[in-house]
Student: 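I'd like to ask you about the structure that follows.
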Amino acid sequence: MKRAILAALGLATSLAAPVAGEDIKVGLLLPYSGVYAALGNDIEAGFNLAIAQFGSETDATFDIVREDTEVKPPVALGKAKKLILQDKVDVIAGIVSSGVLGAVRDLVHGAQVPLIVANAGNDDATGSDCSPYITRMSFSNGQVNRPMGTWMHEQGIRKVYTLAPDYAAGRQMIDGFVQTFTAAGGEIVGQEFTPFQKTQDFGPYLAQAKASGADAVFVFYAGGEAISFVKQYDSFGLKADLPLYGSGFLTSPLYVNAEGPAAAGVITGLHYVPTIDTAANRSFAEAYTAETGRVPSEYAVQGYDAARALIEATKAGATDRASLADALRQVSFEGPRGQLSIDPATNNVVQPIYVYETVEGAEGMTQTVLAELPAERDPVNGCQMAPVSN
Ligand code: BEZ
């Protein structure tokens with residue numbers, strides 16, 4: 001940081017006063033290998049696009065250090081320690097897996113290093129384990145799935161079989177769905193959690209789902225696991241009799257073309273679809289496609305909004321760990337998803353949820369929005385938000 005250099009030279013002024021041209025060191029902690037590698041790349045592309053588009057609005061400059069979590073909590077914890085202790089970053093952004101977020105939570109909280117979560121939905125990080133240093137610009141696992149439980153019951157679905165990978169995100173996503181589906185009067189007729197990053201053959205689980213008497217199947221899978229699952233579900237011939245529903249990560253624009261026609265007719269819910277018809281989304285989608293050749297996914301938007309949040313925080317005068325943590329919780333701006341704000345009770349983003357069907361379009365698989373459900377705010381889930389200590 002420039003302030004540290006100025007301090008060493010005895011030239012630092014008041015710590016509260018922003019220094020023109022502050023250099024903010026950012027640790028980008030993402031999976032660049034493993035089952036979520038493509039998600040990490042999309043988040044980074046969105047992050048870099050926002051810095052290129054909006055970076056000139058702030059006097060700050062951003063020096064980025066990248067580290068690969070490999071989607072392994074112990075590896076990620078080691079990389080986070082390195083970013084904090086060796087690289088001395090001012091802020092960390094990223095984290096895709098809920099397991100990784102659970103592993104680094106105490107470190108960033110104890111070290112008082114602001115963390116902008118750009119994917120991982122771990123409910124506890126903005127619930128019972130919330131921290132003034134953790135601000136989430138993506139979603140929480142409950143937030144994206146609760147609305148689907150109510151909506152599916154309203155469509156006349158009464159019996160559901162659920163499947164998800166066996167780790168924090170899988171369990172919390174299914175919990176969110178089950179809570180509202182059963183509260184509406186629906187019944188869960190079977191539930192399995194598949195070994196995370198190890199399941200290649202979903203056949204035995206699909207056979208159980210078929211025999212369960214369910215009206216529909218609801219799942220969470222993402223990345224490489226989503227591609228395998230959707231293809232196997234289709235080749236098992238289940239789709240016609242047992243419609244497939246899930247979290248929108250199942251049919252993300254990032255890999256829906258790898259799923260191909262197997263994804264047609266799958267209905268999912270999520271906080272972003274690339275077809276949102278607003279000027280802000282159109283301009284983002286055009287710029288993102290021009291830069292990467294890809295349709296933007298939820299992952300790209302989350303990276304983009306994470307960088308926007310950082311830029312907004314520096315525009316508000318934040319320059320060091322404490323002031324960044326404080327300013328990040330107060331950001332509000334219009335992004336591709338619409339007007340975004342952070343719930344001060346939990347530090348989780350508040351946003352509407354879209355229900356969409358994946359359909360075959362002229363240029364590959366695309367999304368038809370079936371419903372826009374009202375902005376979803378998480379319950380505090382035991383969060384007792386403390387102030388940032390200066
Ligand atoms: C998670 O682990 O929180 C997660 C991973 C991929 C997509 C969505 C959520």
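Everything numeric here is computed off the predicted structure, so don't read it as measured data. Counting starts at 1 for both ligands and their atoms, in listed order.
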Student: Only one of V91, T58, T61 clears side chain to side chain contact (heavy atoms under 4.5 Å, CB included) with I24; which?
Tutor: V91

Student: Take F236 and F229 through the test ring pair (Phe, Tyr, Trp, His ring centres under 6.0 Å) and record every step on the way to the result.
Tutor: CA-CA 10 Å; F236 243 69; F229 183 84; 10.0 Å; no

Student: Is the NZ or CZ atom of R66 positioned over Y32's six-membered ring, under 6.0 angstrom from the centre and within 45° of the axis?
Tutor: yes

Student: Are F139 and F249 an aromatic pair by the rule of ring centers under 6.0 Å?
Tutor: yes

Student: Can you sort out which atoms of ligand 1 are near Y36, meaning under 4.0 Å from one of its heavy atoms?
Tutor: 5 (C), 6 (C)

Student: Given that the side chain starts at C-beta and the backbone is N, CA, C, O, which of these parts of L101 lies under 4.0 Å from ligand 1, counting heavy atoms, or is it both or neither?
Tutor: neither

Student: Give the atom numbers and elements of ligand 1 that come within less than 4.0 Å of a heavy atom of A222.
Tutor: 6 (C), 7 (C)

Student: If the threshold is 4.0 Å, N to carboxylate O, is there a salt bridge linking K231 and E259?
Tutor: no

Student: Quick check: F249 and ligand 1, any N/O pair under 3.5 Å apart?
Tutor: no

Student: Residues in ring-ring contact (aromatic ring centres under 6.0 Å, His included) with F284, at least two apart?
Tutor: Y288, Y304

Student: Nearest protein heavy-atom contact for atom 2 (O) of ligand 1: which residue, which atom, what distance?
Tutor: Y167 OH, 2.5 Å

Student: State the atoms of ligand 1, each with its element, that fall below the 4.0 Å cut-off from a heavy-atom position in M173.
Tutor: 8 (C), 9 (C)

Student: Of all the atoms in ligand 1, which lie at a distance below 4.0 Å from a heavy atom belonging to A169?
Tutor: 1 (C), 2 (O), 3 (O)

Student: Does Q172 reach ligand 1, in the sense of a heavy atom lying below 4.0 Å from it?
Tutor: no

Student: Verify whether the ring centers belonging to F177 and F218 lie closer than 6.0 Å.
Tutor: yes

Student: Between D90 and K25, does any side-chain N to carboxylate O distance fall below 4.0 Å?
Tutor: no

Student: Would you mind finding which of S140, A168, S98 brings a heavy atom closest to atom 3 (O) of ligand 1?
Tutor: S98

Student: Quick check on the 6.0 Å ring-centre criterion: do F202 and Y221 meet it?
Tutor: yes

Student: List every atom of ligand 1 that sits less than 4.0 Å from any heavy atom of N119, numbering the atoms from 1 in the order shown and giving each element.
Tutor: 4 (C), 5 (C), 6 (C), 7 (C), 8 (C), 9 (C)

Student: State the atoms of ligand 1, each with its element, that fall below the 4.0 Å cut-off from a heavy-atom position in F139.
Tutor: 8 (C), 9 (C)

Student: Nearest non-hydrogen contact with atom 1 (C) of ligand 1 belongs to which option: V71, D123, V96?
Tutor: V96

Student: If the cut-off is 4.0 Å to any non-hydrogen atom of A120, which atoms of ligand 1 fall inside it?
Tutor: 3 (O)

